[in-house]
There are 2 protein chains.
Amino acid sequence: MSMAANEKEFLKNYNIHDYDVPLTSVDIVIFTIIDDRVNVLITQRADFPFKGKWATPGGFIDVKNDQTIEATAIRKLKEKTGFDAPYLEQMGSIGNAKRDPRGWSVTVTYFALVNEHNVTFADDCCWCPLDENGETSTKLAFDHNLLIKEAFLRLQNKAQYSTIALHVLPEKFTLSELQQTYEIILGGKLNKAGFRRRILKANVIEKLEGESKQTATRTAQLYRKLDQEDVHFYMREIYAR
Amino acid sequence: MSMAANEKEFLKNYNIHDYDVPLTSVDIVIFTIIDDRVNVLITQRADFPFKGKWATPGGFIDVKNDQTIEATAIRKLKEKTGFDAPYLEQMGSIGNAKRDPRGWSVTVTYFALVNEHNVTFADDCCWCPLDENGETSTKLAFDHNLLIKEAFLRLQNKAQYSTIALHVLPEKFTLSELQQTYEIILGGKLNKAGFRRRILKANVIEKLEGESKQTATRTAQLYRKLDQEDVHFYMREIYAR
DNA sequence: TAAATAGTGTCTGTCAGACACTATGAC
DNA sequence: GTCATAGTGTCTGACAGACACTATTTA
């Protein structure tokens with residue numbers, strides 16, 4: 001490394017490959033609800049390391065083409081799900097010397113919520129159901145079991161005080177369907193009257209006048225999401241006792 | 001790049017320098033309160049780029065010695081403040097092609113809260129006061145003005161519903177001092193009776209029986225923090241109207 | 001005594017949680 | 001009619017916010 005006299009000269013001579021650097025990647029935990037259970041999208045690895053094993057979608061930053069780290073996440077998400085407009089939120093970064101056999105690795109993690117029917121995924125992908133602790137029945141590559149568990153806890157936590165679960169539903173839905181979605185994520189029953197009061201007061205959904213859905217027993221009013229960011233409603237407690 | 005037949009061979013031949021990779025660093029926004037204002041620690045850059053400019057403490061991961069990314073953050077914090085046990089929380093990561101003149105850069109950001117008297121900082125550091133919007137009076141290196149502003153908003157947000165502000169106080173403190181700390185962070189007056197009720201109910205501080213502090217007018221009971229993680233108390237609203 | 005801050009008692013409006021009730025449609 | 005689910009009305013306890021009050025020290 002030379003001693004630069006000024007910034008221009010320094011930058012001309014700067015070469016990242018003169019340094020020991022970590023691997024830097026992006027991983028995305030994509031949630032949906034299928035058959036009354038929370039599922040995550042996993043993909044079978046085509047290359048080493050962990051070739052053939054299942055893992056969450058992700059990969060390296062394309063420094064030539066990606067402008068931002070979120071663009072990397074959206075690109076990977078689109079590659080695997082064909083869908084590029086989900087609820088997407090950065091979750092945090094995991095970095096240590098041991099998580100990747102290739103060496104020191106940092107991964108910036110995202111979590112996404114999608115409706116099952118918006119996804120037309122590639123052959124190397126499938127939905128994997130989670131148990132009530134956010135665990136899968138099989139061991140995944142890297143530390144991805146832990147990653148999914150952390151994302152699941154974050155999802156449960158946010159569902160307690162925000163309207164985040166809306167993003168799992170289709171365009172039109174009933175209040176009972178919305179309540180069921182919350183119950184599946186939270187793993188417990190909610191009080192009906194209280195749930196409806198809060199969700200309507202939050203002003204995040206709109207009644208579709210004249211539109212209703214036939215259920216097993218009677219009709220139910222349809223609603224749709226309003227174009228709105230994640231709203232927080234700070235309830236005292238969401239669970240019915 | 002060779003076609004590997006198995007994982008062992010693949011790993012033997014793997015060399016990160018065969019790829020275009022981003023710079024990966026850690027940045028820490030360290031908050032304290034001095035003279036009734038929120039301050040952040042800044043340090044003058046010894047090297048290019050931005051040599052001589054002020055920036056938040058941070059730097060590259062030492063892949064030979066750091067075991068985790070948090071260890072990198074703690075190492076940098078200790079180097080600059082001489083203090084290694086503050087409240088430290090990962091805030092998120094910023095990554096894009098433009099933020100560093102050397103090239104594509106990802107930084108994992110942390111924010112810390114310390115008591116002013118726990119810090120004995122190096123010559124190249126100083127405290128920098130923030131205005132009510134979390135802005136400094138001078139332009140810092142990289143995107144660090146933005147970084148500080150985001151950290152400040154996060155601090156304000158967490159102060160609304162958690163006991164986070166405790167970490168700014170010294171070992172022993174009065175309830176009035178604690179309330180003042182919240183008021184400085186939040187930028188508004190709080191209701192005294194309500195504040196005391198909530199903070200005592202949260203069960204995060206302990207009355208020091210028989211110990212009191214002489215203030216300008218009368219004595220005040222001293223308290224100390226209990227060994228406890230950040231507690232959330234979900235109040236409806238912290239502000240007095 | 002006045003001034004200033006420490007610390008307490010109590011009222012009120014809001015709202016989560018609980019639960020019973022009515023409404024509607026399939027069978 | 002019965003059964004199941006959709007949807008509503010209302011009570012209650014908890015508590016934030018408001019505010020007035022008392023207590024203690026300096027000057």
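Side chains included, hydrogens not; waters and symmetry mates left out as well; all remaining heavy atoms used. Each chain gets a letter, A, B and so on, in the order the sequences are listed, and its residues count up from 1. No experiment lies behind these values; they were computed from the predicted model shown.
Listed pair B/Lys192 / C/dG7 fails the phosphate criterion, with no side-chain N or O lying under 4.0 Å from OP1 or OP2. For C/dG7, the OP1/OP2 oxygens have a side-chain nitrogen or oxygen of B/Arg196 closer than 4.0 Å.
Nucleotide C/dC19 holds its P atom 16 Å from the NZ atom of A/Lys189, rounded to whole Å. Whole-Å rounding puts the B/Asn191 CG to D/dC21 C1' distance at 14 Å. Atom CD in A/Gln179 sits roughly 9 Å away from atom P in D/dA6 (whole-Å rounding). Atom P of nucleotide D/dG7 and atom CD of A/Gln180 are separated by 12 Å, given to the nearest angstrom. Atoms CZ (A/Phe195) and C1' (D/dG9) sit 19 Å apart, rounded to a whole Å. Taking atom CG of residue A/Leu200 and atom P of nucleotide C/dA16, one finds them 12 Å apart after rounding to whole Å. Following rounding to the nearest Å, A/Glu183 (CD) and D/dT5 (P) show an atom-to-atom distance of 12 Å. Across the protein-nucleic acid pair, A/Leu222 atom CG and D/dG7 atom C1' stand 14 Å apart, rounded to whole Å.
You won't find any donor-acceptor pair under 3.5 Å spanning the side chain of B/Arg198 and the base of D/dA16, going by distance alone.
For B/Gln90 (side chain) and B/Val108 (main-chain N/O), no donor-acceptor pair under 3.5 Å exists by modelled atom type. Checked by atom type and distance alone, the side chain of A/Asn118 never pairs as donor or acceptor with a backbone atom of A/Pro170 at under 3.5 Å.
The salt bridge (charged side-chain N to carboxylate O under 4.0 Å, His left out) search around A/Lys149 returns A/Glu135, not counting sequence neighbours.
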*Test side chain to side chain contact (heavy atoms under 4.5 Å, CB included) on A/Met91 and A/Leu147 and set out the steps.*
CA-CA 10 Å; A/Met91 190 167 78; A/Leu147 187 65; 4.1 Å; yes

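Residue contacts shown for A/Ala220 are limited to sugar-phosphate atoms, with no base heavy atom under 4.0 Å away.
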Show me the protein contacts with nucleotides 23-27 of chain D, counting only N or O atoms at under 3.5 Å.
| residue | atom | partner | partner atom | Å |
| --- | --- | --- | --- | --- |
| D/dA23 | N3 | B/Arg218 | NH1 | 2.6 |
| D/dT25 | OP1 | B/Thr219 | OG1 | 3.2 |
| D/dT25 | O2 | B/Thr217 | O | 2.7 |

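The local environment of NZ in B/Lys53 is sparse, with at most 12 non-hydrogen atoms from other residues, nucleotides or ligands closer than 6.0 Å. Taking a 6.0 Å sphere around NZ of B/Lys139, one finds it holds more than 12 heavy atoms contributed by other residues, nucleotides or ligands.
Relative orientation of the A/Phe152 and A/Phe31 rings is tilted, given thresholds of 30° and 60° on the angle between their planes.
Annotation: of the two residues near DNA chain D, A/Gln221 and A/Arg197, the 5′-most nearest-nucleotide partner is A/Gln221.
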